[in-house]
Colleague: 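What follows is a structure written as C-alpha cells; I'll ask about it next.
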Amino acid sequence: DGEKVTRELVGKNFFLHDDWLGKSRAECATALLLELNGDVKGNYVDETVERMLQNRPDFFKSFSCVIATDLNEESLLNLDQVLWKYQVPLVVVRACGMIGYIRLVFAEHPVVESHPENAHPDLRLDRPFPELVQHVDSLDLTSMTKQEHGHTPFLVLLLKYLNQYKDSHDGTFPKTYKEKTALKGLIKTGILVNENGNAEDEENFDEAIRNVNSCLNETKVPSDVEAIFSDPACRNLTNQSSTFWILARAIKDFVANEGAGALPLRGSIPDMTADSKRYIKLQQIYQSKASEHVARVKQRVSRLLDELGKPRESISDEDIKLFCKNAFFLRLLRSRSLGEEYASASAKAGDIEMHLGNEDSELVFYVALRASDRFRMKEGRYPGA
C-alpha cells in the first residue's frame with residue numbers, strides 16, 4: 001500500500017488515531033494485524049500494487065498464497081496474470097456493506113486429506129486377502145466357549161457367514177437389499193441359544209448384522225480418483241511434475257498391477273466388541289497388508305523418480321504412507337483464471353443471464369459488485385459517492 005493515513009481515514013476507522021496521521025497506511029495496518037497474534041511476524045511494503053506489478057512482478061513469486069482486497073479491476077487482472085504464471089493461488093475478497101464474495105483462483109489444487117464424512121471402512125470382504133482368509137478359517141465358532149463366542153470380532157463373523165451365503169448362492173456376492181437382508185438372517189441364526197431356548201445377548205452378532213450394509217461393499221476405485229488417473233498430468237510425467245502427480249501415477253500403476261484393480265489397503269478397522277487379543281490380531285493383519293502395499297508403492301515411486309532424474313529423497317516415506325492411506329479420498333480442484341472469467345469471449349454469459357432471471361439468485365450481487373468495480377475504474381469513484 002503506497003498511501004498515507006489521512007484525517008478522513010482516521011475519522012472512518014476507529015482502529016486508527018491522530019498519532020498515525022501522515023504515516024504509511026501499510027505500516028499502520030501491519031502493526032494492527034500483528035496485535036492479533038504475538039507469535040506472528042509480518043512486514044509491509046510502502047508501495048502500490050500497481051507500481052510493484054510494473055517494476056518488480058517477481059516480488060509476488062515468493063508467496064504461497066496472495067489475498068487481494070480493494071483492488072480496481074485493471075490491477076486485479078494484472079495481478080491475476082502474474083500469479084497464474086507463477087502458479088501462486090490468489091484469494092480475491094470483495095465486500096460492500098453486508099454483501100460480498102470470496103473468489104479462489106488457482107490452476108489446480110490437489111487434496112490428499114479431504115476428510116470425507118461417513119466414509120465406508122476399507123475391509124475388502126468381497127475380495128479377502130490370503131492372510132485374512134487364513135486367520136478367519138483358523139477360528140472355529142462351534143468349539144468356542146460362550147465368552148469367546150460373544151467376543152469374536154464382527155468382521156470375522158461377517159466373513160464366515162458371507163462364505164456360507166456364497167456357498168448357497170452360486171458364489172455370488174450380496175449386493176441388493178433383498179440379498180443383504182438374507183445374509184442378515186443367516187448371521188442371526190448363529191447367535192447362541194440358552195437352555196430355555198432364548199437367544200443369548202451377543203453384541204458382536206448384533207454389530208455384524210448392523211454393519212452388513214456399510215462393510216459389504218464392492219472394492220473399486222472411486223470416480224474422482226479414476227479421473228485423476230486419467231488426467232494427462234498423471235499419464236505424462238515430466239521432471240517438473242509435482243509430488244502429487246508422481247504419487248498418483250505410482251498408485252495408478254499399483255492398481256493396474258499388484259493391486260489387481262484395487263487401491264492400497266487403508267489398514268484400519270472400526271471399533272467393535274471383541275477381546276483384546278483377537279482384536280489386536282485382526283488389526284495387525286490389516287496393518288501388515290497395508291504396510292506391504294505401501295512398500296510396493298514406494299518401489300514404484302523410486303523407479304519413477306529415477307526415470308525423471310529426480311532424487312529419491314524428494315518424496316519422503318511419510319508422504320507415500322499418507323498418500324496410500326488416503327488414496328480413496330483424493331480430490332483435484334481446478335479453477336479458471338480471472339482473465340478467463342472477465343474476458344467476454346470466455347465468460348459464461350449464458351449461465352449468468354439464466355441466473356439473473358431468478359430474483360433469489362445470489363449471482364445478482366456478484367454482477368452488481370462487478371459493475372461497481374467497473375464504474376470505479378472508469379470514473380475514479382464508487383457509484384453514488
Side-chain angles (χ1 to χ4, degrees), residues 112-113 115-166 173 183-184 186-188 190-192 199-219 251 254 258-260 262-298 316-329:
V112 176
E113 296 181 89
H115 303 292
E117 296 182 1
N118 304 317
H120 291 309
D122 177 23
L123 303 174
R124 311 288 168 100
L125 297 182
D126 64 325
R127 47 187 298 174
F129 45 96
E131 296 86 348
L132 178 61
V133 172
Q134 182 180 1
H135 173 68
V136 172
D137 288 347
S138 70
L139 301 175
D140 182 9
L141 292 173
T142 61
S143 63
M144 291 181 183
T145 65
K146 177 181 176 182
Q147 175 73 11
E148 292 171 337
H149 195 271
H151 287 80
T152 300
F154 81 75
L155 286 187
V156 173
L157 301 178
L158 278 179
L159 191 52
K160 278 188 172 295
Y161 286 99
L162 174 62
N163 289 336
Q164 289 186 28
Y165 175 91
K166 291 167 68 177
F173 186 80
L183 175 59
K184 291 177 183 180
L186 182 60
I187 296 172
K188 193 172 183 179
I191 299 176
L192 292 180
E200 294 284 0
D201 183 15
E202 294 192 298
E203 179 63 25
N204 56 336
F205 275 79
D206 292 338
E207 289 178 350
I209 293 170
R210 286 199 304 268
N211 283 280
V212 165
N213 291 336
S214 61
C215 293
L216 293 183
N217 294 287
E218 182 182 0
T219 301
I251 297 288
F254 171 88
E258 303 96 323
L263 293 166
L265 184 68
R266 213 175 303 160
S268 59
I269 60 175
D271 293 332
M272 62 191 75
T273 299
D275 55 80
S276 298
K277 182 179 179 180
R278 285 186 290 179
Y279 180 82
I280 292 173
K281 176 62 177 178
L282 194 60
Q283 191 176 51
Q284 289 173 340
I285 290 172
Y286 274 90
Q287 290 176 346
S288 177
K289 178 57 69 172
S291 296
E292 178 186 320
H293 287 179
V294 170
R296 296 291 185 90
V297 173
K298 181 183 176 181
S316 70
D317 291 351
E318 284 303 312
D319 285 339
I320 298 173
K321 184 177 180 180
L322 181 67
F323 207 89
C324 289
K325 182 179 179 180
N326 290 279
F328 277 86
F329 314 123

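Just so it is clear, the model here is predicted, and its values are computed rather than measured.
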Colleague: Does K289 come within less than 4.0 Å of E292, counting only side-chain N to carboxylate O?
Modeller: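 Salt bridge present between K289 and E292.
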Colleague: Counting C-beta onward and ignoring hydrogens, is there a side-chain heavy-atom pair between F129 and L265 closer than 4.5 Å?
Modeller: yes
Colleague: Step by step, would you call E203 with R210 a salt bridge (charged side-chain N to carboxylate O under 4.0 Å, His left out)?
Modeller: CA-CA 10 Å; E203 179 63 25; R210 286 199 304 268; 3.1 Å; yes
Colleague: Report the C-alpha distance between L216 and L123 in whole Å, list the side-chain angles of each, state the deciding distance to 0.1 Å, and finish with yes or no for side-chain contact (heavy atoms from CB on, under 4.5 Å).
Modeller: CA-CA 8 Å; L216 293 183; L123 303 174; over 6 Å; no
Colleague: Taking side chain as C-beta onward, heavy atoms only, is R127 less than 4.5 Å from F173?
Modeller: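 No. Closest side-chain heavy atoms not under 4.5 Å.
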Colleague: Can you tell me if K160 has over 12 outside heavy atoms packed within less than 6.0 Å of its NZ?
Modeller: yes
Colleague: Going by heavy atoms in the side chains, are L141 and L157 under 4.5 Å from each other?
Modeller: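 Side-chain contact under 4.5 Å: yes.
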Colleague: Rounded to the nearest 0.5 Å, what's the gap from CD on Q284 to OG on S291? Could you check?
Modeller: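 Interatomic distance, Q284 CD to S291 OG, rounded to 0.5 Å: 11.0 Å.
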Colleague: Would you compute the distance between atom CG of N163 and atom CG of L158 and round it to the nearest 0.5 angstrom?
Modeller: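 CG of L158 is found 11.0 Å from CG of N163.
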Colleague: For K184, I'd like to know if atom NZ has over 12 heavy atoms of other residues, nucleotides or ligands within 6.0 Å.
Modeller: yes
Colleague: Quick check on Q134: does its CD atom have over 12 non-hydrogen neighbours (other residues, nucleotides or ligands) under 6.0 Å away?
Modeller: no
Colleague: If you count the non-hydrogen atoms of other residues, nucleotides and ligands that lie under 6.0 Å from CG in D140, is the total more than 12?
Modeller: yes
Colleague: Determine the minimum heavy-atom distance between P264 and F328, stating which atoms define it.
Modeller: O-CE1, 4.0 Å
Colleague: What is the distance from atom NE2 of H151 to atom OH of Y279, rounded to the nearest 0.5 Å?
Modeller: 14.0 Å
Colleague: Flag the pair V294 / V297 as yes when at least one side-chain heavy-atom distance between them is below 4.5 Å, and no otherwise.
Modeller: no
Colleague: Find out whether I187 and L183 are in side-chain contact, i.e. whether some heavy atom of one side chain is under 4.5 Å from a heavy atom of the other.
Modeller: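 With C-beta onward as the side chain, the pair touches.
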Colleague: For L186 and Y165, which heavy atoms make the closest approach, and how far apart are they?
Modeller: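 Taking every non-hydrogen atom into account, CD2-N, 3.7 Å.
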Colleague: Report the distance from atom CG of N204 to atom CD1 of I209, rounding to the nearest 0.5 Å.
Modeller: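 That separation rounds to 10.0 Å.
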Colleague: Is there side-chain contact between L139 and M144, with at least one heavy-atom pair below 4.5 Å?
Modeller: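 The answer is yes, as the side chains (C-beta and beyond) meet within the 4.5 Å cut-off.
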Colleague: Under the side-chain contact (heavy atoms from CB on, under 4.5 Å) rule, what do H149 and F205 come out as? Steps first, then yes or no, please.
Modeller: CA-CA 9 Å; H149 195 271; F205 275 79; 3.3 Å; yes
Colleague: At their closest point, which heavy atom of V112 faces which heavy atom of L322, and how far apart are they?
Modeller: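 Closest heavy-atom pair between V112 and L322: CG1-O, 4.3 Å.
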Colleague: Counting heavy atoms not belonging to K166, are there more than 12 under 6.0 Å from its NZ?
Modeller: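 More than 12 heavy atoms, drawn from other residues, nucleotides or ligands, come within 6.0 Å of this atom.
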Colleague: Taking all heavy atoms of L263 and all of R124, pick out the closest pair and write down the distance.
Modeller: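 For L263 and R124, the tightest heavy-atom pair comes out as O-NH2, 2.6 Å.
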Colleague: Closest approach of C215 and F154, non-hydrogen atoms and distance?
Modeller: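 Scanning both residues, the minimum pair turns out to be SG-CE1, 4.0 Å.
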Colleague: If you define the side chain from C-beta out and look only at heavy atoms, does anything of E148 sit under 4.5 Å from D275?
Modeller: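 Not touching, per the 4.5 Å side-chain cut-off.
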Colleague: I'd like to check I251 versus C324 (side-chain heavy atoms, cut-off strictly below 4.5 Å). Are they in contact?
Modeller: yes
Colleague: Look at the side chain of S138 and the backbone N and O of H135, then say whether any donor-acceptor pair between them is shorter than 3.5 Å.
Modeller: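 Side chain of S138 to backbone of H135: a pair is present.
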Colleague: For a side-chain contact (heavy atoms from CB on, under 4.5 Å) check, start with the C-alpha distance between Y286 and L132, then their side-chain angles and the critical distance, and finish with the verdict.
Modeller: CA-CA 8 Å; Y286 274 90; L132 178 61; 3.4 Å; yes
Colleague: Nearest 0.5 Å please: distance from the CG atom of N211 over to the NE2 atom of H120.
Modeller: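 It comes to 11.0 Å.
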Colleague: Grab the two heavy atoms, one from A274 and one from P153, that are nearest each other, plus how far apart they are.
Modeller: CB-CG, 3.7 Å
Colleague: Under the criterion side-chain contact (heavy atoms from CB on, under 4.5 Å), I'd like the reasoning laid out for N217 against D126: C-alpha separation, chi angles, the key distance, then a yes or no.
Modeller: CA-CA 7 Å; N217 294 287; D126 64 325; over 6 Å; no
Colleague: Nearest 0.5 Å please: distance from the NZ atom of K321 over to the NE2 atom of H293.
Modeller: 15.0 Å
